[in-house]
Each structure stands twice: as C-alpha cells, then as structure tokens.
Amino acid sequence: MPVSSELIEKLRSSDKKTLAKVLTKVENEEEGSEEILKEIFKFTGNAHRIGITGPPGAGKSTLTNNLIKLMTEKGFKVGVIAVDPTSPFTGGALLGDRIRMQDSGMLENVFIRSMATRGSLGGLCKNVVEACDVLDASGKDFILIETVGVGQSELDIAQTADTTIVVLVPESGDSVQAMKAGLMEIADIFVLNKSDREGADAVAATIKNIIHLKPPSKDGWVINVIKTTGSQNKGTDLLFDEIISHKNHLRESGFLKEKRKEHLKNKIVDLVSGKLEVNFWNEKRKEDLKKNLNDMLERKNDPYSYTETLLSR
Ligand SMILES: Nc1nc2c(ncn2[C@@H]2O[C@H](COP(=O)(O)OP(=O)(O)O)[C@@H](O)[C@H]2O)c(=O)[nH]1
Ligand SMILES: [Mg+2]
C-alpha cells in the first residue's frame with residue numbers, strides 16, 4: 001500500500017498525533033510500517049542521537065528530564081525514547097517538571113515515547129532504531145534514548161547513538177565493575193551523578209584514572225567525567241556542553257560518517273537475518289522440526305546434524 005504524502009507531510013511537521021500513530025505502527029511492526037520507514041529514510045540523519053545508559057536508579061531519567069529542559073530552553077526540538085519499564089516520566093517530581101514545562105509552552109518542542117523492553121532482560125527493544133528514525137524525520141535536533149544498563153542493552157545502544165553517555169553514582173562500588181563490564185568501551189561521556197553524595201570526588205578521580213589507562217580512542221576523542229546532581233539540576237549545562245563538544249568532534253574528525261556507516265551495516269545485517277528467518281520458518285519446516293525433536297531428545301540425532309540437514313534441504 002503506498003504511503004500517503006499527507007501522512008509524510010504531517011510527520012515531517014512533527015504533528016504529535018501522527019507521530020504517536022506512526023511510532024505505534026513501527027513499534028508493533030504493523031502492516032505498512034516498512035513502507036513508511038522507506039519513505040522517511042531520506043529525511044533522517046539530521047538529529048543527534050544521544051544514548052543514556054547506566055544502572056537502575058543512577059538518575060538517567062532525572063538527567064534526561066534536565067537535558068530536555070535545557071535543550072528546549074535553547075530552542076531545540078527534542079525527541080525522547082525511554083526504554084525502561086520503570087521510567088518515571090509519568091511519576092512524582094518529574095511529573096511536576098513536565099507540568100512546568102507545559103506551562104511555559106516548552107512541551108510543544110518535546111515528544112516523549114516510552115517503549116517496553118521485550119524479550120531479553122533490559123535489552124534495547126527491537127524497533128528503537130526505527131523509532132529514532134521516525135523522530136529524526138520529524139525534525140528533532142536531539143534524540144535522547146534512555147536505557148537501563150543491565151546486560152546487553154548498553155552495548156545495543158551504542159549501535160544507535162552518536163554519543164553514548166554512561167551514568168554512574170558514587171556509591172556504586174560497581175562503578176569499577178561497570179568499567180569491566182564493557183561500559184568503558186561504549187562511553188563517550190561519563191557522568192558521575194549524585195555528586196552531592198559523599199565520596200563523589202574520589203570516585204570521579206578513580207574513573208578518570210581508569211580512563212587514562214585505556215589506549216586513546218581511534219578518533220582521538222578524550223572521554224571526560226562530568227559531575228552532576230540531577231535532583232538539583234546541577235551540572236546539566238556542563239553535560240550539555242560536553243555533548244556539543246563530542247558532536248562537533250564527530251563532525252570535524254569525520255568519524256560521524258564512520259560511526260553511522262557502521263550502524264547502517266549492522267542494521268542491514270539485522271534486516272537480512274530477520275527476513276531470512278521469517279522466510280525460512282515456513283509451516284513445512286516448523287512441522288519438520290516438531291517431528292524431529294523426539295529423535296534428538298532420545299539422542300538418535302543431534303541438533304547440529306539436524307540443522308545441517310534442515311539447511312541443505
Ligand atoms: N541525592 C541525589 N538523588 C538523585 C540525584 N539524581 C537523581 N536522584 C534520585 O535518584 C532516584 C532515581 O532517579 P532516576 O532518574 O529515576 O534514575 P534512573 O533509574 O537511572 O532513571 C530518584 O529518586 C531521583 O530523585 C542526585 O544527583 N542526587
Ligand atoms: Mg529511568
């Protein structure tokens with residue numbers, strides 16, 4: 001079914017109803033969503049995508065909220081995707097903030113969407129990249145993607161984001177643990193939030209030391225540690241400045257192109273495996289698998305040999 005040009009126009013003018021409708025379509029892979037994605041691809045690539053990850057409770061949502069405020073105050077258009085079932089964009093103090101934003105008319109330039117994690121624990125759900133594309137095509141300057149760093153998700157987020165922010169807190173003795181777990185590899189910016197807490201300076205120094213031990217990155221970017229106190233909206237300006245520095249660095253070094261090429265490559269690989277898988281598991285093969293399970297269970301056959309036959313048929 002061809003996509004109506006009216007829909008694309010509405011989307012590009014950031015019509016909120018249309019945005020919400022299209023995002024739902026894309027998230028659920030409803031019929032026609034791929035057609036829309038095809039149409040809007042040429043309008044994407046302008047937004048700067050910022051991934052915000054870290055352990056639960058580190059203050060990711062608080063910082064996201066602070067960034068939204070600052071960015072909209074500066075006149076930027078902001079899209080937010082929260083891949084966090086517990087994201088309190090509808091609760092407590094943060095709601096208060098949102099209401100204030102609404103009062104000042106700032107909410108006009110913000111679009112927030114929560115997406116449920118599916119499948120893997122805390123993982124970035126499947127269509128986050130596509131949802132980012134939709135927001136991108138609607139003319140956002142920045143897209144903030146909040147995701148809990150508990151496993152694979154923080155690595156996934158680096159597959160989408162131009163700038164990846166890893167949020168840690170002083171009391172997480174696991175901050176060093178986090179470094180080991182691969183967060184070091186993906187961070188463009190470290191935030192030490194809850195800097196009002198005891199020991200913040202020492203932890204910031206430790207993180208800096210670990211960074212210095214690391215070989216310099218390919219593109220020559222030097223990772224910084226930004227101290228914030230999200231709950232008091234302190235340090236948000238420093239964080240924003242650091243984001244802009246990284247954004248400029250990516251452009252000037254030509255590394256943005258490299259990064260996005262890599263993201264595109266991974267996307268194609270994912271698309272191909274997805275489509276191959278869908279095509280492969282037709283009724284006949286599903287039936288065949290069912291029939292053969294007992295054989296394997298009784299050790300008359302093994303999964304490897306069976307897979308080989310299945311693929312060669
Ligand atoms: N003391 C202190 N508390 C904070 C700070 N930033 C956020 N919090 C609180 O920490 C809790 C978790 O914050 P939230 O943004 O939901 O964390 P998330 O799970 O990483 O998104 C909330 O109660 C916040 O009010 C901070 O800088 N200092
Ligand atoms: Mg959160």
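Indexing begins at 1, ligand by ligand and atom by atom, following the structure's order.
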Self-check item: Donor-acceptor side-chain pairing of Thr72 and Asn109 below 3.5 angstrom
Solution: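 No, because no side-chain N or O of Thr72 sits under 3.5 Å from a partner of the opposite role on Asn109.
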
Exercise. Just say parallel, tilted or perpendicular for the rings of His48 and His246, cut-offs at 30° and 60°.
Key: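 Correct class here is perpendicular.
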
Quiz prompt | Glu146 neighbourhood, listing ligand 1 atoms whose heavy-atom distance to it stays under 4.0 Å | solution =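 Near Glu146, meaning under 4.0 Å from one of its heavy atoms, ligand 1 has 21 (O).
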
Can you check whether [X] has an N/O within less than 3.5 Å of an N/O in ligand 1?
X      : result
Ala58  : yes
Thr228 : no
Lys194 : yes

Quiz item: Is the Mg ion (ligand 2) under 2.8 Å from any N, O or S atom of Ser61?
Solution: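 Yes, since at least one N, O or S atom of Ser61 sits under 2.8 Å from the Mg ion (ligand 2).
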
Exercise. Could you see which bit of Arg197 sits under 4.0 Å from ligand 1, with heavy atoms only: side chain, backbone, both or neither?
Key: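 It is the side chain that touches ligand 1; the backbone stays farther off.
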
Practice problem: Determine whether the side chain, the backbone, both or neither of Asp196 has a heavy atom under 4.0 Å from any heavy atom of ligand 1. | Solution: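 Just the side chain.
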
Self-check item: Cationic tip of Arg49 above Phe142 ring, under 6.0 Å, 45° of axis
Solution: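 That pair does not qualify as a cation-pi contact.
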
Quiz prompt | Which atom of Glu146 approaches the Mg ion (ligand 2) most closely (N/O/S) | solution =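 The closest N, O or S atom of Glu146 to the Mg ion (ligand 2) is OE2.
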
Show me the donor-acceptor pairs, under 3.5 Å and distance only, between side chains in residues 276-284 and residues at least two apart or in other chains.
from	atom 1	to	atom 2	distance (Å)
Asn279	ND2	Lys275	O	3.2
Asn282	OD1	Lys284	N	3.4
Asn282	OD1	Arg285	N	2.8

Quiz item: Is it true that a side-chain atom of Asp295 and a backbone atom of Lys300 form a donor plus acceptor pair closer than 3.5 Å?
Solution: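 Not confirmed, Asp295 side chain does not pair with Lys300 backbone.
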
Quiz item: With sequence neighbours left out, what residues match Ser4 under side chain to side chain donor-acceptor pair (under 3.5 Å)?
Solution: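 Partners of Ser4 by the side chain to side chain donor-acceptor pair (under 3.5 Å) criterion come out as none, since no residue qualifies.
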
